[in-house]
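In what follows, chains carry the letters A, B, and so on, assigned in the order in which the sequence lines appear, proteins first and then strands, with residues in each chain numbered from 1.
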Protein chains: 2
Amino acid sequence: MKDPESLVLDENCIPRRVLEIFCVKWTSMVLHAIHLHGGCCRTGVLQRTLPGISKKMLTQTLREMERDGMIARKVYPVVPPMVEYSLTPLGQLFIEPIEMLYAWGEEHADALKKITRRRKASASKRNLDGKADAKTQK
Amino acid sequence: MKDPESLVLDENCIPRRVLEIFCVKWTSMVLHAIHLHGGCCRTGVLQRTLPGISKKMLTQTLREMERDGMIARKVYPVVPPMVEYSLTPLGQLFIEPIEMLYAWGEEHADALKKITRRRKASASKRNLDGKADAKTQK
DNA sequence: CAGGATCCCGGAGGATACTG
DNA sequence: CAGTATCCTCCGGGATCCTG
């Protein structure tokens, strides 16, 4: 505090690394979803649990998480194909903080709503402002 | 668990909203940085505390956070200009979960390292693999 | 020093079609 | 059903220059 300049949060600091893991793509949501499904579930189920995620993004996210060692992929040699993803011990490590964060969100849903509302307000305002020329009119 | 199909985490569920706030741009890091600086600090200090962030991104993030009501902007009418950003009560609400998350990261630094290592490994492997034709050779 | 305005590029990620 | 391969668009965000 005496020397603000000595406080540096560089690329390798813990906070940034944590964010790189929790905030990349759908990682957190996928972990959460698998957890809610009892620690193991199929691709299709995941996709329906996370409406809005595209097949491509889901596959990509799952691949990366597998590589990271957070989930395990098990293929059953049946037809039609069946693939199950489950949390590894490493993956389970992340459940606690994630659930903590979401629990905090539940408790403070009012604060979250407030922010959402402000964002929407400023978004619609932006439409009334200067955009009535280039794009909107088309 | 009986009916996996009934488990849906749509756009408005708490987890997604939480992530939208914590994982957008540099928001979390800025909150963290201001907090470490005692709840209030100047633009330049922030930029030096967060090496790698561009002026543009910093300003943009600060604007959005101000709009969200998480931080307050105070301009001192001096020359050269001096601007201070401080946490609002709403902003302080976020400090607790953020610090919690980062504290968890400190405790599990080994797990984070493991993941980082795997990512680097697969990244360098990707360079040896199929990329020796189109881009690499140039 | 704080921060607006411009230009511009790379790549994230959706849509679609195909395979086993 | 699970996954790959292509194509194509859009915008996030850096670099640069300019203001008060």
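The minimum heavy-atom distance linking B:G105 with A:I14 is given by the pair C-CG2, 3.6 Å. Heavy-atom minimum distance, B:H32 versus A:P15: NE2-CG, 3.8 Å. Nearest approach of A:M29 to B:C13, heavy atoms of both residues: CE-SG, 4.3 Å. Nearest heavy-atom pair across B:A72 and B:T88 is N-CG2, 3.7 Å.
Hydrophobic clustering (side-chain heavy atoms under 4.5 Å, transitive across Ile, Leu, Val, Met, Phe, Trp, Tyr) keeps B:I71 apart from B:Y76. Under the 4.5 Å side-chain contact rule for hydrophobic residues, B:L58 and B:M82 do not share a cluster.
Protein chain B contacts DNA chain D from D:dG13 to D:dG20, reading 5' to 3' and using non-hydrogen atoms of the protein with a distance under 4.0 Å.
Residue B:R73 places at least one side-chain N or O under 4.0 Å from the OP1 or OP2 atom of C:dG3. At least one side-chain nitrogen or oxygen of B:R42 sits closer than 4.0 Å to the OP1 or OP2 atom of C:dA2.
Residues A:Q92 and A:H35 have side chains that never bring a donor and an acceptor to within less than 3.5 angstrom of each other.
Within the nucleic acid shown, A:Y85 comes within 4.0 Å of sugar-phosphate atoms alone, with no base atom in reach, counting heavy atoms only.
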task: Summarise protein proximity over nucleotides 14-20 of chain C in one line of letters, 5' to 3': B for base, S for sugar-phosphate only, - for none, counting protein heavy atoms closer than 4.0 Å.
output: BB----B

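Of the options B:R118, B:K114, B:R119, B:R117, a salt bridge (charged side-chain N to carboxylate O under 4.0 Å, His left out) to A:D68 is made by B:R119 and by none of the others.
Side-chain rings of A:F94 and A:F22 approach one another, their centers coming within less than 6.0 Å.
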message: Go through it in stages, so that I can follow the logic: the residues are B:K25 and B:E64, the test is salt bridge (Lys or Arg N to Asp or Glu O under 4.0 Å), and I'd like the CA-CA distance, side-chain angles, deciding distance and then a yes or no.
response: CA-CA 10 Å; B:K25 315 244 173 110; B:E64 290 169 6; 3.4 Å; yes

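Within residues 59-66 of chain B, the residues that have a heavy atom under 4.0 Å from DNA chain C are, in order of number, B:T59, B:R63.
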